[in-house]
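We count ligands from 1, going down the list as the structure has it; atoms in each ligand are counted the same way.
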Amino acid sequence: MSYRQEYQKSLSNPEAFWREQARALTWHRAPKIILEKDQSGIDRWFVDGEMNSCYLALDVHIEQGYGDQIALYYDSPVTGTKQSFTYNQLRDEVAHCAGALISLGVSQGDRVIIYMPMIPQAAIAMLACARIGAIHSVVFGGFSATELAIRIDDAQPKVILTASCGLEIDKVIAYKPMLDQAILLATHKPTHCLVYQRSIAPAELVPDRDIDWQGALKNATPADCVAVKATDPLYILYTSGTTGKPKGVVRDNGGHAVAMHYSMRAVYNMQRGDVFWAASDVGWVVGHSYIVYAPLIAGVTTVLYEGKPVRTPDAGAFWRVIEEYQVRAIFAAPTAFRAIKKADPESTLLNPYNISSLKTVFMAGERLDPPTYHWIKNLLGLPVIDHWWQTETGWAICANLMGIEVMPVKAGSATLPVPGFDVQILDVSGQQVGAQEQGSVAIKLPLPPGCLSTIWGDVERFKQSYLSVFPGYYVSGDGGYKDEDGYVYVMGRTDDVINVAGHRLSTGEMEEIIAAHNAVAECAVVGIECDLKGQQPVGLVILKDGQTISSIQLEAELVATVREKIGAVACLKTVKVVRQLPKTRSGKILRKLIRQIADGENYLLPSTIDDPASVKYIIEAFQR
Ligand code: COA
Ligand code: AMP
């Protein structure tokens with residue numbers, strides 16, 4: 001079937017299309033009702049279906065005779081460890097971990113926070129929760145104790161799973177003290193913490209509360225999969241919104257499994273036994289979907305890599321992993337390839353490796369800028385596929401569907417809407433705009449299976465943030481346009497969210513932290529262009545009258561506070577003191593104008609600007 005036929009089929013009769021996709025999975029109870037609105041008016045998929053996501057990821061393959069196939073390769077250049085797990089071995093580990101969770105009092109519907117580095121135990125923990133119907137919430141290791149505490153209070157986990165430490169380039173990050181601090185800060189207290197001790201930096205355990213992972217799993221009775229409703233939550237994943245309160249994106253079990261399975265074939269063209277490598281982190285949605293669930297549900301071997309594209313030990317790391325595990329498709333953020341290009345511009349570190357197993361390079365997390373696209377395309381001579389998606393959708397909204405029909409690539413475009421996603425470009429009044437015209441990228445409802453079903457504990461926030469801007473549509477928060485062939489170009493956020501090294505961060509949250517400083521009267525944080533990380537945050541502050549703090553001292557204090565409150569991943573390194581911020585007459589800070597000035601772009605002074613003279617302070621600040 002051609003792309004156009006497949007796409008039309010998915011939109012003209014979504015229920016028939018997704019019923020057919022759902023048949024490819026083994027259900028405890030096959031769904032008869034494919035799409036129905038819930039009490040809040042939200043579209044829900046496969047509402048009377050029952051299944052188990054862990055069963056689909058592991059047990060079903062064993063029952064079908066693939067128990068000895070490799071499910072997961074773990075490669076850790078930072079510790080010098082390599083390990084492989086067959087489906088049998090991974091199922092056994094997961095069943096023991098699930099048994100340990102049960103012995104700690106976790107039952108169906110309970111939340112479990114997972115705060116772990118990129119080790120197999122993180123994936124094992126996720127699958128163990130799914131096995132017993134508990135809802136996991138993985139918190140990225142680069143987040144601070146404060147951020148972790150916010151998530152603990154929101155998700156109210158019964159148990160938290162962690163490891164004693166993680167390893168970054170040249171440094172050991174002790175996770176356990178951060179967890180202890182977070183529990184101290186949080187109002188909600190978990191009953192237990194299960195701690196995986198790594199020999200490089202074992203942690204001290206808090207008596208009665210903390211349990212040693214290795215001991216607990218050894219003594220645990222392996223637990224079997226329980227049947228859950230397709231609409232039951234599988235996980236909560238917090239993502240940055242425009243305020244300091246992150247949004248707990250809720251993903252259900254049934255729709256997610258169907259979407260994951262479909263995408264592995266349709267988008268990535270992966271078959272059972274192929275090796276797929278998503279070079280991300282389990283703390284991000286890419287890690288949830290394409291390190292853990294999708295490859296395993298599709299019977300594909302996944303690679304879990306505890307390292308970086310560069311400096312662990314060098315810029316040849318990606319090529320080594322591809323050769324060593326015969327990776328067929330890699331999925332990474334453009335930042336990773338920009339880092340490789342910067343460290344090894346002549347690509348000499350590719351020479352020692354035979355990467356002929358590699359058939360496709362997939363990119364997401366941020367826009368694949370044309371120079372990076374051309375560099376990687378010329379280097380490898382393979383299809384390089386940009387695809388656009390978000391934590392909220394859980395899988396690609398636009399892509400070049402390698403398993404359906406390969407369309408010509410246009411540099412700078414994420415190609416065409418994926419079946420199930422009716423992508424439209426709307427103007428401020430919600431009307432569709434013509435080709436080449438910029439607008440809000442929106443998706444006509446219903447969203448396909450796999451997308452968020454709500455914001456944890458706050459369905460009104462879900463509706464208000466995503467569904468009320470343009471009635472009948474999901475608003476993505478991204479701006480962009482389509483060309484005459486319907487190719488979608490996603491150009492960047494229309495809200496206060498920025499993308500730093502493929503990491504989604506809220507400038508609003510940084511502003512809240514900066515504004516709380518004694519010396520600061522007012523501030524703005526904008527994401528400005530960065531050759532390596534795509535964007536980097538820069539703070540602009542106005543001092544309160546009478547403040548004498550030096551700008552160097554203030555910058556150092558604000559950088560340290562943002563790092564402490566959000567985490568190292570925030571990457572705020574620059575804060576500039578200015579006399580005035582450009583604002584509209586109604587007092588709204590003109591952040592886009594500031595960003596355009598910082599990036600050296602042409603700009604038009606908005607007619608609503610209060611004091612055009614304010615612009616000169618911004619120009620001066622970025623010349624300093
Ligand atoms: N746990 C603890 N700290 C972490 C962390 C984690 N899991 N991940 C990152 N950090 C820390 C880093 O050590 C760094 O700390 P520092 O300021 O003390 O040096 C800080 O957070 C910023 O990290 P990062 O933005 O990753 O910068 P980097 O200089 O360490 O690495 C790249 C730069 C380009 C190599 C790296 O960003 C990268 O590999 N990017 C790929 C992006 C990606 O996979 N995105 C996922 C979405 S698909
Ligand atoms: P996250 O939710 O962390 O995955 O971040 C999602 C955001 O990253 C999107 O809303 C976009 O702004 C950006 N993004 C991700 N992939 C792409 C892409 N291929 N092209 C353009 N922007 C992207």
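- Judged by the shortest distance from any of its heavy atoms, Pro117 lies outside the 4.0 Å radius around the atoms of ligand 1.
- At a distance under 4.0 Å, no protein heavy atom can be found next to atom 32 (C) of ligand 1.
- Side-chain atoms of Asp281 do not come within 3.5 Å of backbone N or O of Trp284 as any donor-acceptor pair.
- Looking only at heavy atoms of the protein, atom 3 (O) of ligand 2 is closest to Arg504 CB, 3.3 Å.
- Comparing heavy-atom distances from atom 41 (C) of ligand 1 across Gly502, Ala501, Gly142, Ala332 singles out Ala501 as nearest.
- For ligand 2 and Thr391, the ligand atoms under 4.0 Å from any heavy atom of the residue are 1 (P), 2 (O), 3 (O), 4 (O).
- Annotation: atom 30 (O) of ligand 1 to nearest protein heavy atom, Lys308 NZ, 3.7 Å.
- Using a 4.5 Å heavy-atom threshold, the side chains of Leu467 and Tyr473 count as separate.
- At least one heavy atom of Tyr175 sits closer than 4.0 Å to an atom of ligand 1.
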Point to revise | ring pair (Phe, Tyr, Trp, His ring centres under 6.0 Å) between Tyr290 and Trp395, intermediate numbers included | key: CA-CA 9 Å; Tyr290 294 107; Trp395 63 298; 8.7 Å; no
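- Scanning the protein heavy atoms around atom 2 (C) of ligand 1, the nearest turns out to be Gly141 O, 3.5 Å.
- With a heavy-atom cut-off of 4.0 Å, His387 touches ligand 2 through its backbone alone.
- Heavy-atom contacts of Pro309 reach the following atoms of ligand 1: 35 (C), 39 (O) (cutoff under 4.0 Å).
- Protein heavy atom closest to atom 20 (N) of ligand 2, with residue, atom name and distance, is Arg367 CA, 3.3 Å.
- Only the backbone of Glu366 comes within 4.0 Å of ligand 2, judged by heavy-atom distances.
- Atoms of ligand 1 lying under 4.0 Å from any heavy atom of Val286, numbered from 1 in the order shown and given with element: 48 (S).
- Between Asp386 and Tyr373, the side chains place no donor N or O within less than 3.5 Å of an acceptor N or O (distance only, hydrogens not considered).
- Of all atoms in ligand 1, numbered sequentially from 1 with element shown, those under 4.0 Å from a heavy atom of Trp284 are 46 (C).
- The atoms of ligand 2 that sit less than 4.0 Å from any heavy atom of Val490 are 21 (C), 22 (N).
- With hydrogens and angles disregarded, a donor-acceptor distance shorter than 3.5 Å links the side chain of Glu555 to the backbone of Val575.
- The backbone N or O of Tyr487 lies less than 3.5 Å from no partner atom in the side chain of Asp485, so there is not a single donor-acceptor pair.
- At a threshold of 4.5 Å between non-hydrogen side-chain atoms, the residues Met363 and Phe337 count as touching.
- Only the side chain of His503 comes within 4.0 Å of ligand 1, judged by heavy-atom distances.
- Ranking protein heavy atoms by distance to atom 46 (C) of ligand 1, first place goes to Ser280 OG, 3.5 Å.
- With Tyr305 contributing its side chain and Lys308 its backbone, the two residues share a donor-acceptor pair below 3.5 Å.
- Distances shorter than 4.0 angstrom occur between a heavy atom of Cys571 and an atom of ligand 1.
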Practice item. For side chain to side chain donor-acceptor pair (under 3.5 Å), just list the numbers for Thr372 and Asp369, CA-CA rounded to whole Å, side-chain angles, deciding distance to a tenth of an Å, and then say yes or no. Key: CA-CA 6 Å; Thr372 306; Asp369 52 296; 2.6 Å; yes
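- Under the 4.0 angstrom criterion for non-hydrogen atoms, Lys171 is in contact with ligand 1.
- For ligand 2, the atoms closer than 4.0 angstrom to any heavy atom of Asp386 are 18 (C), 19 (N).
- A side-chain donor-acceptor contact under 3.5 Å links Glu366 and Thr335.
- For ligand 2, the atoms sitting less than 4.0 Å from at least one non-hydrogen atom of Trp389 are 6 (C), 9 (C), 15 (C), 16 (N), numbered in the order shown with element in parentheses.
- At a heavy-atom distance under 4.0 Å, only side-chain atoms of Arg493, from C-beta outward, approach ligand 2.
- Applying the 4.0 Å criterion to heavy atoms of Ala279 picks out, from ligand 1, the atoms 44 (O).
- Inter-residue side-chain proximity for Val441 and Val423 is flagged as met; some heavy-atom pair is nearer than 4.5 Å.
- The number of heavy atoms from other shown groups lying within 6.0 Å of NZ (Lys444) does not exceed 12.
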**Study point:** Full working for side chain to side chain donor-acceptor pair (under 3.5 Å) between Arg504 and Thr239
**Key:** CA-CA 7 Å; Arg504 176 167 157 180; Thr239 191; 3.3 Å; yes
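- Shortest contact from atom 8 (N) of ligand 1 to any protein heavy atom: Phe140 CZ, 3.3 Å.
- Side chain to side chain, Ser413 and Thr415 fail the donor-acceptor criterion of an N or O pair below 3.5 Å.
- Side-chain atoms of Gln436 and Glu484 form a donor-acceptor pair, as typed in the model, at a separation below 3.5 Å.
- Using a non-hydrogen distance threshold of 4.0 Å, Gly365 registers as a contact of ligand 2.
- A donor-acceptor pair is defined here as one N or O able to donate and one able to accept, closer than 3.5 Å; no such pair exists between the side chain of Ser465 and the backbone of Phe462.
- Checking only distances, Lys533 does come within under 3.5 Å of ligand 1, N or O to N or O.
- Ranking protein heavy atoms by distance to atom 10 (N) of ligand 1, first place goes to Glu168 OE1, 3.4 Å.
- With Tyr466 as the aromatic partner, Arg461 does not meet the cation-pi criteria of under 6.0 angstrom to the ring centre and within 45 degrees of the ring axis.
- Not a single heavy atom of Leu368 sits under 4.0 Å from any atom of ligand 2.
- Atoms of ligand 2 found under 4.0 Å from any heavy atom of Asn499, numbered from 1 in the order shown, are 8 (O), 13 (C).
- Nearest protein neighbour of atom 9 (C) of ligand 2, counting heavy atoms only, is Asp478 OD2, 3.2 Å.
- Within the 4.0 Å heavy-atom criterion, the part of Arg563 lying near ligand 1 is the side chain and not the backbone.
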Practice item. Applying ring pair (Phe, Tyr, Trp, His ring centres under 6.0 Å), run through Tyr293 and His288 and close with a yes or a no. Key: CA-CA 6 Å; Tyr293 286 107; His288 280 63; 7.3 Å; no
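- Annotation for ligand 1: atoms under 4.0 Å from non-hydrogen atoms of Val569 are 21 (O).
- Atom 34 (C) of ligand 1 has Thr335 CG2, 3.2 Å as its closest protein atom, hydrogens excluded (heavy atom only).
- A side-chain donor-acceptor contact under 3.5 Å links Tyr235 and Arg251.
- Taking only non-hydrogen atoms, the option from Cys165, Ala568, Gly365 nearest to atom 20 (C) of ligand 1 is Ala568.
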